[in-house]
Amino acid sequence: MARASHVVVFLVFSNLAIAMGATPPSLDPFVGKCKSSCEEELDRSLYLHQVFAGAAHNQEVILNPGFANSFGEIAVHDWTIHAAPNATSSIIARAKGMHMQVTQNQANGFAWFLPFSMVFEDSSFGGSTIQVMGTISGANGEWAIVGGTGKLSMAHGTVNFTEVQPQSNPNSENYRKIDIHAFYTPSPAV
């Protein structure tokens, strides 16, 4: 007859053998995640050039319902984004999208809501985009980066802008310095 101690020893060793044959639990906290940060950072200052009148305009009003304070006016734009605040500097990207006036009461000023794609043309990010959204309600402000494609996939961050002195006619164009601060996850190399 088997003694109780033999049964206990048998149970301990059989359970140990079963446990050793099973896949051990991972103690690595990075399993399924990047071992280092997957994200890269983009921190760049550029100049957005808006030309709203004249032969070289880069926006067009497509709807003007005639309400007070231009409420409801919608325009499409293809603004150029340069390395420096002048039209002869190299074009790094384009801001392709629309903007609409969303403030009814003139006493509250104006607020242009704009969603657009910043489409890069330079060699480092050519063809990649950053999706931007926000408002313009003064000379300075901030927009949200809500996505990206290509080399800038899954971008998130902010674009701070400051209006700078126009190079020619303030009645037809302006420049905004845009400080882009984003994190993105580049596509893995195949």
Going from CG on Asn160 to CH2 on Trp143, what distance comes out if it is rounded to the nearest 0.5 angstrom?
10.0 Å
Linking Ile, Leu, Val, Met, Phe, Trp and Tyr through side-chain heavy atoms less than 4.5 Å apart, which residues share a cluster with Ile91?
none
Can you sort out the partners of Ser45 under side-chain hydrogen bond (donor to acceptor under 3.5 Å, both in side chains), two or more places apart, ordered by chain and number?
Asp179
Can you name the side-chain contact (heavy atoms from CB on, under 4.5 Å) partners of Phe113, sequence neighbours left out?
Met100, Val102, Pro115, Met133, Thr135
Could you tell me whether a side-chain N or O of Asn64 sits under 3.5 Å from a main-chain N or O of Gly66, the two making a donor and an acceptor?
yes
Could you list the residues that satisfy ring pair (Phe, Tyr, Trp, His ring centres under 6.0 Å) with His181, not counting sequence neighbours?
Phe183
Identify each donor-acceptor pair in which a side-chain atom of residues 76-84 lies under 3.5 Å from a protein atom, sequence neighbours left out, and give them as a table.
unit_1 : atom_1 : unit_2 : atom_2 : d
His77  : ND1    : His99  : ND1    : 2.9
Asp78  : OD1    : Lys96  : NZ     : 3.4
Asp78  : OD2    : Lys96  : NZ     : 3.4
Trp79  : NE1    : Gln59  : OE1    : 3.0
Thr80  : OG1    : His82  : NE2    : 2.8
His82  : ND1    : Ser89  : O      : 3.0

Backbone N or O of Ala87 within a donor-acceptor pair of the Tyr175 side chain at under 3.5 Å?
yes
Keeping Asn58 on the side-chain end and Val51 on the backbone end, is there a donor-acceptor pair under 3.5 Å?
yes
Salt bridge (charged side-chain N to carboxylate O under 4.0 Å, His left out) filter on Glu142, not counting sequence neighbours, yields none
Sequence neighbours left out, what pairs pass side chain to side chain donor-acceptor pair (under 3.5 Å) with at least one residue falling in residues 114-134?
Arg44-Asp122, Arg94-Glu121, Ser117-Gln131, Asp122-Ser124, Thr129-Gln131, Thr129-Thr149
Could you pull out every donor-acceptor pair under 3.5 Å between side chains of residues 103-110 and any protein atom, sequence neighbours left out?
unit_1 : atom_1 : unit_2 : atom_2 : d
Thr103 : OG1    : Ala111 : N      : 3.3
Asn105 : OD1    : Ala107 : N      : 2.9

Residue pairs involving residues 143-153 (criterion salt bridge (Lys or Arg N to Asp or Glu O under 4.0 Å); sequence neighbours excluded)
none
Is there a side-chain contact between Met118 and Phe116, using heavy atoms and a 4.5 Å cut-off?
yes
May I have the step-by-step check of side-chain contact (heavy atoms from CB on, under 4.5 Å) for Val132 and Val146, ending in yes or no?
CA-CA 6 Å; Val132 180; Val146 297; over 6 Å; no
